[in-house]
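In this chain, numbering begins with 1 at the start of the sequence shown.
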Amino acid sequence: MIGLGLSQVLPQLAGDSHDLVANVVRVATMTGLAFIMIHVGFEFHIDKTNLRQYGWDYFVAFTAATFPWIFATGYFVFVMLPSDLWGSGDAWTETLLAGRFAAPTSAGVLFSMLAAAGLAGTWMFRKVRILAIFDDLDTVLLMIPLKILIVGLAWQLGLIVVLMAVLLALAYVFLHRVALPVSWGWVLGYAAAMVAVSEVLYSATKVIDPSVPIHIEVLLPAFVLGCVARPKPAQPRTAPMAAHDELHELLERPAERRAGAWVAAVFMLLVGLSLPQIFEGADAQHPEPTPAALHAAAPGASVDDPALAGGEFEGRYADTVTASQPSISWGAIAAHVLVLSALINVGKMFPVVCYRKEAHWKHRLAIAVGMWPRGEVGAGVLVLSLSYGIGGPIVTVAMLSLALNLVLTGVFIIIVKRLISHEDQAVTV
């Protein structure tokens with residue numbers, strides 16, 4: 001919320017240096033996102049000897065990620081766009097990406113809040129941990145076809161798909177088998193290095209072909225690094241430990257918890273700073289994009305490459321369906337935010353009808369409510385949507401819905417805690 005407030009005055013404060021400041025904020029935001037996704041990878045553990053047990057969990061997580069996405073996209077198209085655009089392919093493509101912010105459960109926020117509420121030993125916590133990580137993984141993977149829809153087919157994107165497949169294979173084969181220093185300082189260094197490689201690759205390929213530069217999002221590489229890593233002990237152990245026990249022991253150290261909390265907090269502040277002005281100016285819902293904000297814009301867009309400005313590419317951003325929609329009243333914005341937020345959370349309710357042989361209905365309802373919090377990954381998707389020129393009232397509503405969900409996270413955890421009574425907490429699998 002502080003970042004969102006500061007974003008409204010940042011252009012005035014930065015003056016002529018606004019583009020430089022926006023670039024710094026963007027790079028720092030992606031570094032924080034990479035740090036968080038590495039930690040999500042740390043939490044990812046599977047039993048390779050019994051893979052079938054994860055099939056149903058992945059399906060449940062898929063629904064928890066897909067239904068809110070479908071509901072948000074449908075709301076954007078059928079409620080917030082005029083009826084003559086309901087059959088527009090461009091409208092669907094843009095809103096599919098804009099609606100993806102609604103999909104991912106915030107694993108980092110959820111795990112820390114449930115642990116703080118004393119629920120770490122419950123069946124619900126163990127189950128929701130698997131579902132939330134699969135949920136985030138599903139979001140990361142679906143960003144690939146979404147990017148192809150936005151940018152179009154190109155050999156560069158084919159190369160990215162191959163690279164992603166290789167990364168996933170490495171994550172499976174070397175799951176928590178590579179001994180690495182994984183204290184918070186090292187993880188922050190890994191995150192910064194990934195962002196630097198992504199930036200250098202983008203700049204280099206932009207010289208080769210400015211219409212379709214290779215831009216690798218840090219979400220999947222960071223997640224895969226977290227998946228393959230296991231702690232490198234500072235001294236020999238008297239007895240061997242499983243990788244997940246080693247990681248848990250490390251991440252529960254006070255210094256690691258404090259560092260993780262600070263990085264997550266700074267990341268959310270930077271996300272707020274990355275968002276466009278929505279409360280200032282005569283046309284607040286259609287801010288002028290900066291080159292930094294449009295780093296990943298559609299190939300050949302004048303906003304992405306000043307060298308291509310003019311001619312057939314002139315005004316590419318203004319011609320996007322979402323950005324070209326007229327402003328609406330702030331009362332209407334508030335109503336859309338409330339309805340959209342409710343729809344998104346309803347979309348997370350499928351786990352209530354699952355696991356009926358394993359848990360009481362209160363536990364299943366607690367899982368569904370536990371999947372409501374959104375934060376880091378959803379905010380990262382929203383920032384990515386801005387980078388592709390998606391804007392207008394739809395992004396304003398999406399952004400404020402995410403902010404409302406963040407504010408209510410504590411309320412969601414209280415609901416979960418009340419659903420799981422003292423006696424229920426003794427239930428184990």
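- Contacts of Leu167 classified as side chain to side chain contact (heavy atoms under 4.5 Å, CB included), with partners at least two apart in sequence or in another chain: Leu163, Met164, Pro221, Val224.
- Between Ala34 and Ala191, the shortest heavy-atom distance links the atoms CB-CB, 3.6 Å.
- You'll find the side chain of Val79 reaches within 4.5 Å of the side chain of His336, heavy atoms only.
- Remark: the backbone N or O of Val60 is paired with a side-chain donor or acceptor of Thr63 at under 3.5 angstrom.
- Across every non-hydrogen atom of Leu131 and Ala61, the tightest pair is O-CB, 3.5 Å.
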- Message: Assess the residue pair Phe59 and Cys354 against the criterion (side-chain contact (heavy atoms from CB on, under 4.5 Å)); give the C-alpha distance rounded to whole Å, side-chain angles, the decisive distance to 0.1 Å, and a yes or no.
- Response: CA-CA 10 Å; Phe59 175 76; Cys354 306; over 6 Å; no
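- No donor-acceptor distance shorter than 3.5 angstrom exists from the side chain of Ser198 to the backbone of Met194, with no hydrogens or angles considered.
- Trp372 places a side-chain heavy atom less than 4.5 Å from the side chain of Met349.
- For Tyr58, the side chain to side chain donor-acceptor pair (under 3.5 Å) criterion is met by Asp138, not counting sequence neighbours.
- A pairwise comparison of heavy atoms in Pro393 and Thr322 identifies CD-O, 4.4 Å as the closest pair.
- Of all the heavy atoms in Met371 and Ala64, the pair that sits closest is CE-CB, 3.8 Å.
- Applying the side chain to side chain contact (heavy atoms under 4.5 Å, CB included) rule to Val411 yields the partners Leu408, Ile415; only residues at least two apart in sequence or on another chain are considered.
- Listed by chain and number, the residues in a ring-ring contact (aromatic ring centres under 6.0 Å, His included) with Phe67 amount to none (sequence neighbours excluded).
- Using a 4.5 Å heavy-atom cutoff, the side chains of Phe71 and Leu340 are not in contact.
- One distance of note links CZ of Phe42 with CZ of Arg230; it measures 12.5 Å at 0.5 Å rounding.
- Under the rule for a side chain to side chain contact (heavy atoms under 4.5 Å, CB included), the partners of Val353 that lie at least two apart in sequence or sit in another chain are Phe350.
- Contact annotation: the side chain of Phe267 approaches that of Leu33 to within less than 4.5 Å [non-hydrogen atoms, C-beta and beyond].
- In this view, Trp86 and Phe78 satisfy the ring-ring contact (aromatic ring centres under 6.0 Å, His included) rule, not counting sequence neighbours.
- Applying the side-chain hydrogen bond (donor to acceptor under 3.5 Å, both in side chains) definition to pairs two or more places apart or across chains, those involving residues 338-356 are Asp57-Tyr355, Thr105-Lys348, Asp135-Lys348, Ser341-Ser401, Asn345-Arg374.
- Of the inter-residue distances, the one linking Glu358 atom CD with Ile367 atom CD1 reads 8.5 Å to the nearest 0.5 angstrom.
- For Trp184, the CH2 atom sits in a loose shell: 12 or fewer heavy atoms of surrounding residues, nucleotides or ligands are nearer than 6.0 Å.
- Checking each of Ile344, Ile70, Leu343, Ile394 against Tyr75 for a side-chain contact (heavy atoms from CB on, under 4.5 Å) leaves exactly one that passes, namely Leu343.
- Every residue was checked against the ring-ring contact (aromatic ring centres under 6.0 Å, His included) condition with Tyr190, not counting sequence neighbours, and none meets it.
- Atom CZ of residue Phe76 and atom CG of residue Leu81 lie 9.5 Å apart, to the nearest 0.5 angstrom.
- Side-chain contact between Leu6 and Ile2: present, with at least one pair of heavy atoms (C-beta onward) separated by less than 4.5 Å.
- Taking both residues in full, the closest heavy atoms of Ala229 and Leu180 are given as CB-CD1, 4.0 Å, listed atom of the first, atom of the second, then distance.
- With sequence neighbours left out, Leu96 forms a side chain to side chain contact (heavy atoms under 4.5 Å, CB included) with Trp69, Thr73, Leu146, Leu149.
- Going from atom CE of Met399 over to atom OG1 of Thr396 covers 5.0 Å, rounded to the nearest 0.5 Å.
- Without hydrogens or angle criteria, Ser17 side chain to Leu20 main chain gives no donor-acceptor distance under 3.5 Å.
- Other residues, nucleotides and ligands contribute over 12 non-hydrogen atoms within 6.0 Å of the CG atom of Leu404.
- Within the 4.5 Å cutoff, the side chain of Phe412 has heavy atoms near those of the Asn405 side chain.
- Using a 4.5 Å cut-off on side-chain heavy atoms (C-beta onward), Arg253 and Arg258 make no contact.
- The shortest side-chain heavy-atom distance between Leu188 and Thr31 falls under the 4.5 Å cut-off.
- The minimum heavy-atom distance linking His363 with Met124 is given by the pair O-CG, 4.2 Å.
- Of the inter-residue distances, the one linking His39 atom NE2 with Leu225 atom CG reads 10.5 Å to the nearest 0.5 angstrom.
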